[in-house]
Student: 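Here it is: the structure, laid out below.
Numbering of ligands and ligand atoms starts at 1, following listing order. Worth saying up front: this structure is predicted, and the values here are computed from it rather than measured. Position 1 is the first residue of the sequence, and the numbers go up from there.
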Amino acid sequence: MFSRISGTGSFFPPDVMTNHDFEKFLETSDEWIITRTGIRERRIAKNHSCSDMGYEAGLKALEMAEMKPEDLDGIIFATFTPDTTMPSCACRVQSLLGIPGTFAFDIAAACTGFLYACNVADSMIKSGSAKNILVIGAEKITATVDWSDRSTCILFGDGAGAAVLSASDKPGIRSVSVHADGDHADLLALPCLGTEYLAKRNELDIEAGMIKMSGNEVFKIAVRAMAEVASRAVEMSGLSYDDIDFLIPHQANLRIIDATAKRLNLAQERVIINLDRYGNTSAATIPTALDGAVREGRIKRGMNIASAAFGGGLTWGGMVFTF
Ligand code: UT7
């Protein structure tokens, strides 16, 4: 028994913020942002919550899988920017889909969240406890950025991606390798959504609780970890590097993506990138990039995909699957 991606979907809110928009209130430039990150524009969710976006992406994934919500056994929602700590975004999506009784829970593994969620869904399907699981990666990060911090606010965007994982007799998910190192927790953090912060909210300045990143240090660790975990996932999958048709990396920085592709010996045209249009959407980068490439006809059934992510926690992971 294997688990296989039977459908994908994505959703981006309509409001676009370009690099030039930042030039109006920050000491930055379109040229700096493109050269240092590869990002040209990102989407801002003005009228959608994180769960709204996840729901929209989920509907599209169900449609591609030719399934109704009732066919699902459960929902796993990866995010670090949930609408509320409780209830989970997964429970909100379950209610919108009208399928009470199925399991529903969130996973907090930041930018690696989608791969962690796929790992859990794959294990549940392989163990026989579920047949169809909706896995969502969605973020509303722009609600958490400090707009005066030019080193972080230019990086992030909002959006959602989804995949339905279904039991199959043909190989789908071939390997998943997920990791974390809590010793570096302070390098990338969002204190203001946690109880530690809220307990002190009267003494603290809310701006201090916004997302903070030591970009340069995270960059150095991310370059190494993404490349290593991507190659580990390929080795665990039983496939060779030559069998990999496409790399779908977490979209944080074009320079990190290039280093990961180099490690897998993949030419630029074999790498799926949506960073230029959507920025870093954390848990949503991999499922949105996958869905975009499937709908453009670049990724076809039977192709082998390697994926890798790195994010706050610190967390990182790799996955190889046959689409
Ligand atoms: O998704 C989770 C994982 N996240 C990542 O993997 C992100 C990893 N980090 C990065 O992508 C990069 O470190 C950044 C894009 C965040 C920053 O790029 P960098 O090349 O590492 O720049 P830096 O932090 O070393 O800063 C270089 C200079 C500094 O100025 P000084 O001190 O040299 O005068 C910054 O103040 O660039 C300055 N700077 C900016 N200048 C114009 C930082 N942000 C900006 C900006 N516009 N937006």
Student: For the residue pair T281 and E139, confirm or rule out a side-chain donor-acceptor distance under 3.5 Å.
Tutor: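 No.
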Student: As an exercise, identify every atom of ligand 1 less than 4.0 angstrom from a heavy atom of C111.
Tutor: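 With C111 as reference, the close atoms of ligand 1 come out as 1 (O), 2 (C).
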Student: For atom 18 (O) of ligand 1, what's the nearest protein heavy-atom neighbour? Residue, atom name and distance, please.
Tutor: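 For this ligand atom, the closest protein heavy atom is R255 NH2, 3.7 Å.
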Student: In the protein, what heavy atom is nearest to atom 35 (C) of ligand 1, and what distance, to one decimal place, separates them?
Tutor: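 Residue, atom and distance for the closest contact: R150 NH2, 3.9 Å.
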Student: Determine whether S175 and M319 make a side-chain contact, defined as any pair of heavy atoms from C-beta on separated by less than 4.5 Å.
Tutor: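 Result no, sub-4.5 Å side-chain heavy-atom pair not found.
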Student: Tell me: protein heavy atom nearest atom 20 (O) of ligand 1, and distance?
Tutor: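 Heavy-atom neighbour on the protein nearest atom 20 (O) of ligand 1: R36 NH2, 2.7 Å.
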Student: Just which atoms of ligand 1 are under 4.0 Å from any heavy atom in I256?
Tutor: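 Contacts of ligand 1 toward I256, numbered from 1: 6 (O).
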Student: Protein heavy atom under 4.0 angstrom of atom 37 (O) of ligand 1, is there one?
Tutor: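 For atom 37 (O) of ligand 1 the answer is yes, since some protein heavy atom falls inside 4.0 Å.
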Student: Report yes or no: do R270 and N265 form a side-chain donor-acceptor pair below 3.5 Å?
Tutor: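 N265 and R270 do not have a side-chain donor-acceptor pair below 3.5 Å.
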Student: Is the F114-H250 ring centre distance short of 6.0 angstrom?
Tutor: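 No: the rings miss the under 6.0 Å criterion.
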Student: Which residue and atom name correspond to the protein heavy atom nearest atom 9 (N) of ligand 1, and how close is it?
Tutor: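 Residue, atom and distance for the closest contact: G215 O, 3.0 Å.
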Student: With nothing but distance in play, are any N or O atoms of H250 less than 3.5 Å from an N or O of ligand 1?
Tutor: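 Yes; at least one N/O pair falls below 3.5 Å.
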Student: Under 4.0 Å from any heavy atom of T37, which atoms of ligand 1 are there?
Tutor: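 Atoms satisfying the 4.0 Å criterion: 15 (C).
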Student: Side chain, backbone, both or neither: which applies to L26 and ligand 1 if a contact is any heavy-atom pair less than 4.0 Å apart?
Tutor: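 It is neither; nothing of L26 touches ligand 1.
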Student: Among V294, I5, V164, exactly one meets side-chain contact (heavy atoms from CB on, under 4.5 Å) together with M64. Which residue is that?
Tutor: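 Exactly one candidate clears the test, V294.
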Student: Show which atoms of ligand 1 fall inside a sub-4.0 Å distance from at least one heavy-atom site of V218.
Tutor: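 Listed by number with element: 3 (C), 4 (N), 5 (C), 6 (O).
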Student: So, for atom 44 (N) of ligand 1, does the protein have a heavy atom nearer than 4.0 Å?
Tutor: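 Under the 4.0 Å cut-off, atom 44 (N) of ligand 1 does have protein heavy-atom neighbours.
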Student: Does atom CD of E296 have more than 12 heavy-atom neighbours, drawn from other residues, nucleotides or ligands, at distances under 6.0 Å?
Tutor: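 Count over threshold, so yes.
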Student: Checking R174 against F321: charged group under 6.0 Å from the ring centre and within 45 degrees of the axis?
Tutor: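 Judged by the rule (NZ or CZ under 6.0 Å from the ring centre, within 45° of its axis), R174 is not positioned above F321.
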Student: Give the residue, atom name and distance (to 0.1 Å) of the protein heavy atom nearest atom 14 (C) of ligand 1.
Tutor: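 Sorting protein heavy atoms by distance from atom 14 (C) of ligand 1 puts N253 ND2, 4.4 Å first.
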Student: Does T28 approach ligand 1 within less than 4.0 angstrom via side chain, backbone, both or neither, non-hydrogen atoms only?
Tutor: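 Under 4.0 Å from ligand 1, T28 contributes backbone and side-chain atoms.
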Student: Can you list the ligand 1 atoms lying under 4.0 Å from a non-hydrogen atom of F310?
Tutor: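 By the 4.0 Å cutoff, the relevant atoms are 1 (O), 2 (C), 3 (C).
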Student: Does the pair D276/R40 count as a salt bridge with the N-to-O cut at 4.0 Å?
Tutor: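 Salt bridge absent between D276 and R40.
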Student: Checking contacts now, so for atom 40 (C) of ligand 1, which I'm interested in, is there any protein heavy atom under 4.0 Å?
Tutor: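 At least one protein heavy atom is under 4.0 Å away.
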Student: How about E70: does its CD atom have over 12 heavy atoms from other parts shown lying under 6.0 Å from it?
Tutor: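 Above 12, so yes.
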Student: Can you find a side-chain donor-acceptor pair between D242 and S240 that sits under 3.5 Å?
Tutor: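 Checked: D242/S240 side chains show no N/O donor-acceptor pair below 3.5 Å.
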Student: In sequence, state the C-alpha distance, the side-chain angles, and the governing distance for Y55 and Q94, and then conclude on side chain to side chain donor-acceptor pair (under 3.5 Å).
Tutor: CA-CA 9 Å; Y55 167 67; Q94 188 217 45; over 6 Å; no
Student: Between T102 and D73, is there a side-chain donor-acceptor contact under 3.5 Å, judged purely by atom types and distance?
Tutor: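 No, because no side-chain N or O of D73 sits under 3.5 Å from a partner of the opposite role on T102.
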Student: Is the Y278 to F12 ring centre distance short of 6.0 Å?
Tutor: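 Under 6.0 Å, so yes.
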Student: Within 4.0 Å of atom 4 (N) of ligand 1 (strictly less), any protein heavy atom?
Tutor: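 Yes; the ligand atom in question has protein heavy-atom contact below 4.0 Å.
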Student: Classify the contact between L188 and ligand 1 as side chain, backbone, both or neither, using a heavy-atom distance cut-off of under 4.0 Å.
Tutor: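 The side chain, only.
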Student: Considering only the protein, which heavy-atom contact is closest to atom 25 (O) of ligand 1, and what is its distance?
Tutor: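 So the nearest neighbour among protein heavy atoms is N216 ND2, 2.8 Å.
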Student: To which protein heavy atom is atom 27 (C) of ligand 1 closest, and what is the distance rounded to 0.1 Å?
Tutor: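 Checking every protein heavy atom, the shortest distance to atom 27 (C) of ligand 1 gives W32 CZ2, 4.5 Å.
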Student: Among all protein non-hydrogen atoms, which one is nearest to atom 7 (C) of ligand 1, and what is the separation to 0.1 Å?
Tutor: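 Ranking protein heavy atoms by distance from atom 7 (C) of ligand 1, first comes M213 CE, 3.8 Å.
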